[in-house]
Structures are given as C-alpha cells and as structure tokens.
Amino acid sequence: MRPMTTVDANPLRQGLEQERVPDPSCLVIFGASGDLTQRKLIPGLYMLAHDGLLPQGQTIVGIARQDMTDEQFRASMRAACDEHARTRPVDDAIWESFARGLFYVSGEFTDPAAYTRLKARLEEFDRTRGTAGRRIYYLAVPPQFFEKIAELLGKENMVCDPEKGGPYTRVIIEKPFGHDLASARELNQVAVSTFRERQVFRIDHYLGKETVQNLLVLRFANGIFEPFWNRQYIDHVQFTVAESIGVEKRGNYFETAGIARDIIQNHMLQLVSLVAMEPPVAFEANAVRDEKVKVLRALRPIEEAVRGQYAEGSVMGERAAAYREEANVDPNSRVETYAAIKVFLDNWRWAGVPFYVRAGKRLPKRVTDISIHFRPAPHPLFSRLGLRMQPNVLAIRIQPDEGISLRFDSKLPGPTVRTAPVTMEFRYATSFGAEPPEAYERLLLETMLGDATLFARRDEIETAWSWLDPLLHRWANDPAPPPFYEAGTWGPEEANVLIEKDGRKWRRP
Amino acid sequence: MIDADVRVHAGSIEKQLAELWRNEKQAHDDAVTRAALWNVVAHTWNSKQHAHATEVLASASASVPQRTIVVRADPNAPHDMQAWISANCHLLGDSRQVCSEEVSIVAGGERVDHVAPLVNALLLPDMPVAVWWLGDLPNDHAYVESLLEPADRLIVDSSQFDSAADFALVARIAEQTTTAPADVNWARVEEWRAASAAVFDPPAMRARLQSIAHVRVTTAGGTLGATSEAVLYVSWLMAQLGYEIPFELATQSEEEGISAVDIRFRDNTTALIRGDRGRGVVKCSAAHAETELDCITRKRGRGLSDLIVRLLKQPESDRVYLEALRIARDVAARVAASHAA
Ligand SMILES: NC(=O)c1ccc[n+]([C@@H]2O[C@H](COP(=O)([O-])OP(=O)(O)OC[C@H]3O[C@@H](n4cnc5c(N)ncnc54)[C@H](OP(=O)(O)O)[C@@H]3O)[C@@H](O)[C@H]2O)c1
C-alpha cells in the first residue's frame, strides 16, 4: 500500500488517470540555469502539468547567479521545453498556465542575502498561490555547494522540522553522492545537520524507469517466479549496462570518477538489489528499502574484477577516438571506462550463485539488460541422443525496446528428436504502445507526494560505497594502465576470461 | 502487407489465420509481431454499422492489440453465413510491424443462432473479452445473453440512448451478471471530471466539497442521448460526494456534450469550469481568501476509437462509473420527464 497522501481526501480524483495529485508547494531549483534543469527538470515538470498531474498553485522558483527577470527565465525555460519536452510541440495553453507558476531569483549560493530575498518571495507565494509553507529544495548543483546551501537554508529558518509538525520541507539531491565512503558519509552528515533523513530524496534516475519498477511487479505480483528465484534453480545472473557513447563533454568529471563510480556503485547496485531482495512486507518506502539494503549488506568483498579503457575503434559505423584522446582527459589516464565484477551475495537465497556485473562506454550498442540463467534440467534425458540442451534464460531488457523474454528448448518438427532454443517475448511497445514517462517526471511527482520508495536511502549509499571502496583503492594504487579494448567491442579480453573460466559466457544482449 | 480480406469457411477460420501468419513470417522474417491484449467482439445489425465498427477497431488496435471479431447478424436477411479474415498492421517506429487479427462474420436468417458458439470458439484463451454493442440492445434476451456469456466487459454508448430504461438496463447488467458495463460516453466526460477534481485539489477548496449548493451544466440538448454526458456528470458528482445536489441542465446547440459547469457553494461563491475547444483545454477558476485559483486540463480526443482505447486500457471494471450509473438511471428519468413536459 502507498502511504496516505492528501489525494485520498479528494474523492473526485478516484478512478481518474491522475488519481494522485499532490498539494501545491514551492519547488525551488538551485542551479536553475544549468544543464540538468534545462534538459530534465523543467521539461519533466511541464510534462506533469501537461498530463494534469500538477496541482493548481504549484510554484517553481529557479535560483542561480545569472541576472534574469521572471519573464526572461520563463522564455529560456520555454526554449528548453521546445527542445526537450517528451511530447512536442509544447501546448501553448498548458504552457501559459504552467509559466504563470515559474519565478526566478538571482543570487550567489553562498550569500545569505539571496536566501532572505528567496524567503520573502516564497512567503508571498504561500498567500497568493496557496502553497502554504510547503517546500521542496532541488539541489541541481555540484555537491560542493550542498553544505553551504543546507546551512544557509537552516539559518534563514527555511526548513521545517517534521517532528514539530507544520508544512513539509523536502530536499532532493543528485548524484554523485560522494566519490567514496568517507565523502559520502560527510555529505550525508551535511544533509542530516539541517534535514532529517526522511526529508532527503536522493535521485537515482534508474529507479524512475518503468522497467526497473516492473522488476518488483514481475517478481512479486506473479506467483510463478518466486518459487524458483533462488540458488536451487538459478545458475547465475548477468547485468549489463552498455553505452555506445564515450565520455563526450564530461571528460573532466569522468577523470575523477570512472565507470565503477559512475554506474556500478549506484545504478547497477540498485538493479542487483531489486533482483536479489526478499519480498518486502509492504510496497512502502522503508519496507522496500530495508530489503534492498539487506542485499547490499550481504555483498561479499570483491575478489574478482576486471577493468578496461577504450582505445580507438569504430562504433555504429563511425570512427571513435580513444579515451585518452577525448577532451579534458589526461593522455596518460588510468581511469577505467569498463568494469566487470563477479559478485557474490552471502545469504540463504543466493549462496554460491555468481552475479556477473559489467558496465562500459564505447561498447557496440546502448543497452541495459539483466539475464537470469537457470540450471540445466536435472536429468539429461535428451543428452543421450547427442543433443546439447541450452539452459533457460529469463532476460529483462531495461532499455531500449523494454521487455521480457524467456528462452527454452523446443522440439523441431519431424520424426527424429532434434531441439532448438526458442524465445517467448513480451515487449512493452508492442503490448502497451504508449511511450512511458521520463524517469524524472515520475521522481519529481513522487517527491511532491512524499513517497520515498523510489529514492536511495543513506544506508544504501554508504553500504554500497563500503563494498566498492577497496576495489577502487586497489585500482588507484595499481601503476599499470587498465587493459585496453577497442571501441565498439564488448570490452577487454580479461572480461571474457572472468566469466569463461567458470564455464559460462556473457550473453550477447 | 497482409491486410487484404480473405474469404474463409467458417469452420476453418483459426486454421486459415495460422496459415496467413506462417506465410507472412516466411516473407518478412522477424519484422512482424502478432499481439493481443483483448478479444473485442463488435456486434452490429447492418452493413453501415459493420463498416463503422471495422474502421474504429482497426484504428484502436494500434494502441490496444486485439483479436477483433465483427459480427453482423440480421435475422431478416437470407439464411446464410460468411466469414472473412484480415490483419490490422501498424508500424512500430522502426521497420517492425505489430499486427492484430480481425475476423468478420455475417449471418442471416436462422444462421444468426450459430453466431454465439462460433464467436466463443474464436476467442483467444486467457485474454479478456469485450463486447461492443452498436445500436439497440434487443428484446431477445437469450440472444444477448449467449453473446455476453463470455464477456468481461460490455461497451455501450449512452449518447445513443433514447430512454431512461437504457441506463436502467445497463445498470441491471452490472448488478446481475459478471459482465462489467463500460460507456464510451463516460470516457467523454473524463475531462470534465479531471477539471472538477482539479478545482478541489488545493486543501482549502477540498473542505468545500461538502457545501455545494447547486450545479449548472451547459450541455447539448434536445434528446436524452444528447444530454447523456451531463447526466453522467451530475450523477458522478452526487455518487462521489454522497449527497443530493440540486442541478440544472442548460441546453445549447453549438457543441456536442458539455461545454460549461458552474458550481455554486452555500456561501454563494462559485467555481467555474469552461471548455475551450479551440485551444483544446478545459479551464477552471475559483477564489478562496487571498488566493486566486485557476487550473487547466487538456481536452481528450472524442474520436470513437480513442474512447474505446481508453476504456480498454482500463484493466479493471470501473467502480466509479458503476456508482455513477446507479444514480444515472434516476437522473436520466428526471431529465427525460422534463423533456416530455
Ligand atoms: N546534467 C545532467 O544530466 C546530470 C545528470 C545526473 C546528475 N547531475 C548532477 O546534477 C547537478 C547539476 O548538474 P548540471 O549538469 O545541471 O550542472 P551545471 O550545468 O554546471 O549547472 C550548475 C548550476 O548551478 C549554478 N551555479 C553554479 N555555481 C553557483 C553559485 N556559486 N551560486 C549560484 N548558482 C551557481 C549555475 O548557474 P550560474 O552559473 O548562472 O550561477 C547553474 O545553474 C550536479 O551535481 C550533477 O552531478 C547532472
């Protein structure tokens, strides 16, 4: 069950597609002229308005250093929506109404006077737009600003303590949540010095994806999967997050991160948790997150891992430069753009079942995919006939072309017994047609509704770092460069060795 | 493309369909996917309705893949039965096509009695069944019952109703059978429900839900069918709020359906909801203390296939509609009486 939201109190919403509409609030975006705001946040909010999911009076206030009037801010956000909104062209009538709720305050994050100005405006909106003191602060800023912003919000009395009642205050923060355990702890400490944990919404946009949420539905709404979702029937599980692009303009950032920090510590461990977790007692934020964190606690220290870095090659028919030739990348960089890890979970359900996890840039195509490989049939009835039976594979495609397929063997028609693997396929696009909402739309709405199920909790983040940290140290202290792989291939040869020495193979997603 | 009609023998429809797909698979390999989430049976009485149903469902199957069975049953036509098969294919972004199957059955004379068993045999297993009834529900209950027997959903269009008894009949089906009725007109009212809900989203307004003194709905008029959206709207409001609300239907002739709603509260303040067809939106406004409230929701398509798609996308029977329907039979009777007067 979902937690009670105020929506339950509006009986006219019952049965509508927009059944859950939050109370109006002031959503303050710190970093309102930045890339994330323009590409994801404002287009996402506009789409919520377009789909009738924003309440009347919802107010969005941008803040950044640049000098702008409300009108100029609206014009630049309109341009952002024209380019990035999920359904285009932008609907003028909806936009006009949405834009009336857009405001801008210019100021330096470190300047207390900016907060005084901001506060005065927010209080005015409480009266004129019915936001009644409800606040969401979205920190779309580099993490080094978190501390100052939190401190000044606290000093200006702009944060309500939920223990004392009154309207809610929530804060949304973006990854990276630190670059190791120590820095993550520090960030979390900063957050809880001003906010309580339940006021903090940490975005991992993977959790906003429909197919990721469908993992829970697949496992826990269907009776047939759970009985064999364990070591008795499952041989191993593979997780692949492949990108065909390189680091593009993010060379600076990537040099300080690497693929393990950028993808594995957050997105991939979220996928691992959802696949491996026990059934939660309720579909409710803490119940779900309690189970996810138990998975992370069961992670065995990493024993086998492989890293790699892309060399020149060709992707999708185009020449691709080597990582070391990319802009803002050290020509002698040892940063990994590919990583594969053999993961074990030390618990009853998964003892002895390897989870092979790999992520990389400049791989042949963009695909995120999970495959559950089942054990072979217990008695090799058909092997005596010289037939090689393929184990069953349940593949869950997260993106693109989302869907689920099951591979099994079938008899080829004819008088002799011959078999061939076939697949049973379900594709979202084929069955449901409509394009799913963007992850950010869903996550923004959930924050307004106060449901933290799809957000990462402090202990998840810290447990994930404490597992990954030793590997990162090992790599950082290794003077040798990572093995190179040609751009456009599935990673270095070492990654094949990692899985093939166990008598298994990477599935081609 | 495999969308040509193929005349088939009624006894071998399934076999012929399999053959159609096998040939297609050979010709295009992986490019064609066959999919179905529903069995949709359209029941028609004449060739005009038949052509209409075929067109509407062909377009609906792009959004809700389905096995479509269109039946034309005419007891007065010569004693005969014919069947055709075809495929409705839709491009899925890239070069792949998703195809749904359509079977047409035309029966005349006594052969009409063979329609229900044949339809039953053609339903895809494990997929829900919707029967869309075009035109009047007949007095021959045995015939209707045999067709509705496997149906999870009965789709009607109350804009075609000519008496309050039609609402009562549908309400009775809801109460006495396992077939859940659905009304395409209910989908037309949705934008007005969404706009009305939006008026009451702000917590300060929500408190006023229990103090509505009067509702005035501006609607197309003249017949019960033309006012039926308004009938459903006021019935819904009363069902959701749980009290009797005095209402007035003000008729205008320019637009189909509802064009405005005025809600008056006990303190004589009002909330206004206005359709703006030109801009494709419904707007609302109200005031509370210092706060001026205004909201806007998008109008939805009124094309029949859009409406049917919306009904089919709802996997469960619509409890809110069924509640409204219980009240609608009385509201419709009052409206019909006022027409008569
Ligand atoms: N972009 C993405 O797709 C993406 C994806 C995932 C996570 N993130 C995370 O989201 C955060 C923001 O990313 P971004 O790409 O949007 O960054 P960005 O484009 O660099 O934007 C930073 C914003 O902060 C403002 N700003 C910077 N310093 C300021 C100061 N001292 N005072 C006031 N405003 C200041 C900038 O505006 P002015 O210069 O006008 O002040 C700008 O609006 C980062 O933590 C990033 O890691 C981004």
Side-chain angles (χ1 to χ4, degrees), chain A residues 5-25 47 49-58 87 91-101 124-132 134 167 400-401 403 423 425-435, chain B residues 33-37 62-65 90 92-94 96 98 190-191 193-207 209 236-237 239-242 276 278-281 283-286 288-298 300 309-310 313-314 318-321 323-324:
Chain A
T5 61
T6 41
V7 160
D8 299 320
N10 182 354
L12 302 188
R13 287 254 162 233
Q14 243 179 38
L16 286 174
E17 246 173 63
Q18 307 80 5
E19 197 159 47
R20 300 188 307 145
V21 171
D23 288 344
S25 60
M47 282 311 303
H50 177 271
D51 292 346
L53 290 162
L54 285 191
Q56 44 175 328
Q58 179 60 42
T87 59
D91 182 315
D92 287 328
I94 302 285
W95 174 262
E96 281 163 25
S97 159
F98 176 72
R100 276 199 293 279
E124 172 197 328
F125 300 140
D126 286 342
R127 288 191 307 275
T128 57
R129 299 186 54 81
T131 48
R134 289 177 285 267
D401 197 12
T423 54
E425 287 239 336
F426 153 72
R427 285 180 166 149
Y428 272 80
T430 310
S431 294
F432 300 131
E435 206 182 322
Chain B
T33 312
R34 180 186 185 188
L37 291 181
S63 304
V64 179
H90 303 275
L92 192 73
D94 47 24
R96 273 182 303 120
V98 190
E190 190 177 319
E191 60 205 26
R193 289 166 57 210
S196 307
V199 170
F200 295 98
D201 279 333
M205 287 299 291
R206 218 168 300 156
L209 274 169
W236 162 74
L237 205 56
Q240 291 307 108
L241 299 183
D276 180 343
R279 307 193 80 187
V281 289
K283 292 178 171 173
C284 60
S285 59
H288 184 77
E290 266 187 77
T291 314
E292 282 291 326
L293 300 167
D294 71 294
C295 58
I296 188 163
T297 51
R298 259 175 342 116
R300 313 283 301 262
V309 164
R310 272 152 59 193
K313 285 217 163 164
Q314 197 146 31
D318 187 337
R319 278 186 310 112
V320 178
Y321 163 66
E323 286 298 316

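Every chain is numbered from 1, with letters handed out A, B, ... down the list of sequences.
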- Note on the structure: Most contact-rich option vs chain A, by heavy-atom pairs under 4.5 angstrom, among V320(B), D318(B), V64(B), is V320(B)
- Message: Strictly distance-based, threshold 3.5 Å: is any side-chain N or O of T131(A) a donor or acceptor partner for the main-chain N or O of D126(A)?
- Response: yes
- Query: Relative to chain B, which segment of D92(A) carries a heavy atom at a distance below 4.5 Å: side chain, backbone, both, or neither?
  - Reply: both
- Check for a donor-acceptor pair, side chain of R129(A) on one end and backbone N or O of Q58(A) on the other, with a separation under 3.5 Å. yes
- Between P24(A), A93(A), G52(A), A132(A), which has the largest tally of heavy atom pairs under 4.5 Å with chain B? A93(A)
- Item | Contact leader toward chain B among I94(A), L54(A), D51(A), where contacts are heavy-atom pairs under 4.5 Å | I94(A)
- Query: Given a strict heavy-atom distance threshold of 4.5 Å, which part of A198(B) is in contact with chain A: side chain, backbone, both, or neither?
  - Reply: both
- Salt-bridged, K283(B) to E96(A), with N to O below 4.0 Å? no
- Query: Is there a donor-acceptor pair closer than 3.5 Å between any side-chain N or O of R298(B) and the backbone N or O of V281(B)?
  - Reply: no
- Message: Apply salt bridge (Lys or Arg N to Asp or Glu O under 4.0 Å) to residues R300(B) and E17(A) and explain how you reach the verdict.
- Response: CA-CA 12 Å; R300(B) 313 283 301 262; E17(A) 246 173 63; 3.5 Å; yes
- Task: Just give me the residue among S196(B), C295(B), A197(B), A62(B) that pairs up with chain A most often, heavy atom to heavy atom, under 4.5 Å.
- Result: A197(B)
